[in-house]
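Throughout, numbering of the chain's residues begins at 1 and tracks the sequence.
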Amino acid sequence: MTAPPSRLRPGSVLKRLLSSEAGGGIVLMAAAAAALFVANSALGPAYFHALEAHVGPLSVLHWINDALMALFFLLVGLEIKREMIGGELSTWRRRALPGLAAAGGMIAPALVYLALAGKSALFARGWAIPAATDIAFALGVLALIGSRAPASLKIFLAALAIMDDLGAVVIIALFYSGGLSLPMLGGAAVCIAALVALNRFKVAALWPYLGLGLPLWFFVHASGVHATIAGVLLAVFIPLQQPDGDHDEDSPLHRLEHALAPWVGFVITPIFGFANAGVSFEGATLAGLLHPVTLGVAAGLFIGKQVGVFLAARIAVALGWASRPQGASWMQLYGVALICGVGFTMSLFIGMLAFPADAGLIDETKIGVLIGSLASALLGAGVLLMAKGERQTPESSS
C-alpha cells in the first residue's frame, strides 16, 4: 500500500530526493554567486575565454550544456518515470493538483513574456524561458525555511517541478530542435530498438543500457534534436522492476537514480550554474535592464509563475478535482507558488537554445532569470516564514 502523500516514508526515495535536491540547490546558489563574482572581477576575461576554448569538436561550454546536462536530463527522466509508475504521481488524483498547477505555471509565464517581448519575432523565441521551475533551487529555498513548511508542501513542490520538467522536455523537443538529419535519426531509432529488446528480454544489468546510451547521445546530438533529449529517452527504458516483476529499491532504475543523484545535484548542476550564470555588468545601464527580453523573463518568472500556479491550484480545488496539501494554508500554498518562479537551471538552458547565436540576448536572458528568480525566492521565503499552517477540513480545503 502506498503511503499517503502528506507523509514522507522513512527511507523513501522521495525523502532522499527532497534531501539531495535541497542540498544541491544550496550548492547551486553558491555556484551561481561565484560565477557572478568571477565574471565581474579581474578573472572575468579568463573565465569567458575558458568557456569558449575547444576540447575536441566542442567548446567547454558546449560539453557542459550538451553532454553533462544529458546526465541531468537522464536523472529527470528517471524521476518522472518512477513517480508516474509507483510514486507520488501514480494516480490521476495525485497528479491533478501538481499537474494542473504546473500547466498553469507554464502557460501564464509564457503569456506574460510574449506580452512584453513578443512584438519582435526574434525576441518571441524566448517565450518558454520563464516557463520552467528549478527543482533544486526551489527545494533549496524550502530547506532554508525548515519545519515552517509542512512536508505535504515539499512533496507538492517536488511533484509540480517534476511535471514542469516533463513539460520543458516536450518544449525543447518540439520547439528548439531543427535541421533534422534523417540518417542520424535512423541511428537513434536503432539504439531505441535495442533498448526495447533489452526490456523485452527483462535484462536487469545496467551496463547494456548505459552502453547504448553513448551512441544514442551521439546520434541524437548529430540529428538536430537537442542532445539532452537522449538522456530522457534512455530513462524511459531503464527497468523499474526486477525480472520477477517486483518493484523494489534494488531495481535498475533505483540503482541508477541513487548513483546519479549526488553527482547531478552536487557536481553537474553547480558546474552548469557556474558556467552559465556568469554575466558581466560592465557597461550595464537602466536601458539594458528595461530590455524586452530581460523584462519578459523577469516578469514571466516573478508574476506569471505565481499567478499561473496559484490560480490553477485554486480552481482545481474549487472544482473538486484535487485537494489542498494536507496541513497547508492557502497563504503557504501561495508562498510555494512564488518559489516556483525560481527558474534558474532550466530557464538558462532554454535561453541558450532560444538565442544560440546572440550573446547579447543570452546576457539579457541571464539578467532576467537572475532578477526573476531572486525576487521569487526572497518573497516566497518571506511569505512562508510569516504564513501559518492549518488543519485541513472538508470546509477549509475548498
Side-chain angles (χ1 to χ4, degrees), residues 2 12-14 16-17 20-21 63 65-91 95 135 162-163 165-174 177 180-265 267-269:
T2 304
S12 70
V13 172
L14 188 59
R16 287 195 292 274
L17 167 66
S20 63
E21 291 282 10
W63 278 117
N65 291 346
D66 289 3
L68 274 184
M69 286 300 284
L71 295 175
F72 168 84
F73 277 88
L74 172 58
L75 181 61
V76 166
L78 295 173
E79 292 173 352
I80 291 171
K81 180 174 180 177
R82 170 177 46 74
E83 294 298 334
M84 286 287 191
I85 294 177
E88 295 299 328
L89 300 174
S90 59
T91 66
R95 294 171 193 163
I135 184 172
I162 289 170
M163 300 289 280
D165 283 344
L166 177 59
V169 168
V170 173
I171 287 172
I172 292 170
L174 294 180
S177 299
L180 299 180
S181 167
L182 292 180
M184 292 299 137
L185 285 175
V190 170
C191 293
I192 291 173
L195 289 168
V196 171
L198 291 178
N199 279 178
R200 180 64 61 88
F201 289 104
K202 297 184 178 180
V203 175
L206 275 172
W207 67 264
Y209 295 95
L210 299 180
L212 284 168
L214 292 175
L216 177 63
W217 178 88
F218 171 80
F219 285 122
V220 172
H221 180 269
S223 72
V225 178
H226 198 271
T228 52
I229 299 300
V232 179
L233 291 173
L234 178 60
V236 170
F237 297 99
I238 303 296
L240 183 58
Q241 296 178 331
Q242 295 286 44
D244 59 9
D246 288 339
H247 290 253
D248 63 40
E249 295 195 14
D250 196 40
S251 70
L253 186 146
H254 283 94
R255 295 202 310 272
L256 181 57
E257 185 180 11
H258 294 168
L260 274 178
W263 287 98
V264 169
V267 179
I268 293 174
T269 52

(message) With rounding to the nearest 0.5 angstrom, report the CG to CD1 distance, Leu216 to Ile229.
(response) 11.0 Å
(request) Of all the heavy-atom pairs spanning Ala235 and Lys81, show the shortest one and how long it is. (result) O-CD, 3.6 Å
(message) Quick one, Asp165 and Phe73 - any side-chain contact, counting heavy atoms below 4.5 Å?
(response) no
(request) Only one of Ile85, Leu206, Ile238 passes side chain to side chain contact (heavy atoms under 4.5 Å, CB included) with Leu253; say which it is. (result) Ile238
(request) Measure across Ala227 and Ala70 and return the closest heavy-atom pair with its distance rounded to 0.1 Å. (result) O-CB, 4.4 Å
(request) Measure the NE2-CG distance between His258 and Leu75 for me, rounded to the nearest 0.5 Å. (result) 10.0 Å
(message) I need the Leu234 CG to Leu210 CG distance, nearest 0.5 Å.
(response) 6.5 Å
(request) Find out whether Leu74 and Leu256 are in side-chain contact, i.e. whether some heavy atom of one side chain is under 4.5 Å from a heavy atom of the other. (result) yes
(request) Please examine the side chains of Leu78 and His254, heavy atoms only from C-beta on, and report whether any two atoms are closer than 4.5 Å. (result) no
(message) Testing the basics here: between Val264 and Leu71, what is the closest heavy-atom pair and its distance to 0.1 Å?
(response) CG2-O, 3.9 Å
(message) Set out, in order, the CA-CA distance, both residues' side-chain angles and the distance that settles side-chain contact (heavy atoms from CB on, under 4.5 Å) for Leu185 and Val225, then state yes or no.
(response) CA-CA 9 Å; Leu185 285 175; Val225 178; 4.2 Å; yes
(message) Side chains of Phe72 and Thr269, heavy atoms from C-beta outward: is any pair under 4.5 Å?
(response) yes
(request) Can you tell me which residue pairs pass the ring pair (Phe, Tyr, Trp, His ring centres under 6.0 Å) test with a partner in residues 181-222, sequence neighbours excluded? (result) Trp217-His221
(request) Using a 4.5 Å cut-off on heavy atoms from C-beta on, say whether the side chain of Ile80 contacts that of Val232. (result) no
(request) Drop me the distance from Lys202's NZ to Arg200's CZ, to the nearest 0.5 angstrom. (result) 10.5 Å
(request) Kindly say whether Met84 contributes a backbone atom to a donor-acceptor pair with the side chain of Arg95 at under 3.5 angstrom? (result) yes
(request) Find out whether Val196 and Phe237 are in side-chain contact, i.e. whether some heavy atom of one side chain is under 4.5 Å from a heavy atom of the other. (result) yes
(request) For the pair Leu212 and Leu198, evaluate side-chain contact (heavy atoms from CB on, under 4.5 Å) and give the outcome as yes or no after the intermediate values. (result) CA-CA 10 Å; Leu212 284 168; Leu198 291 178; 3.7 Å; yes
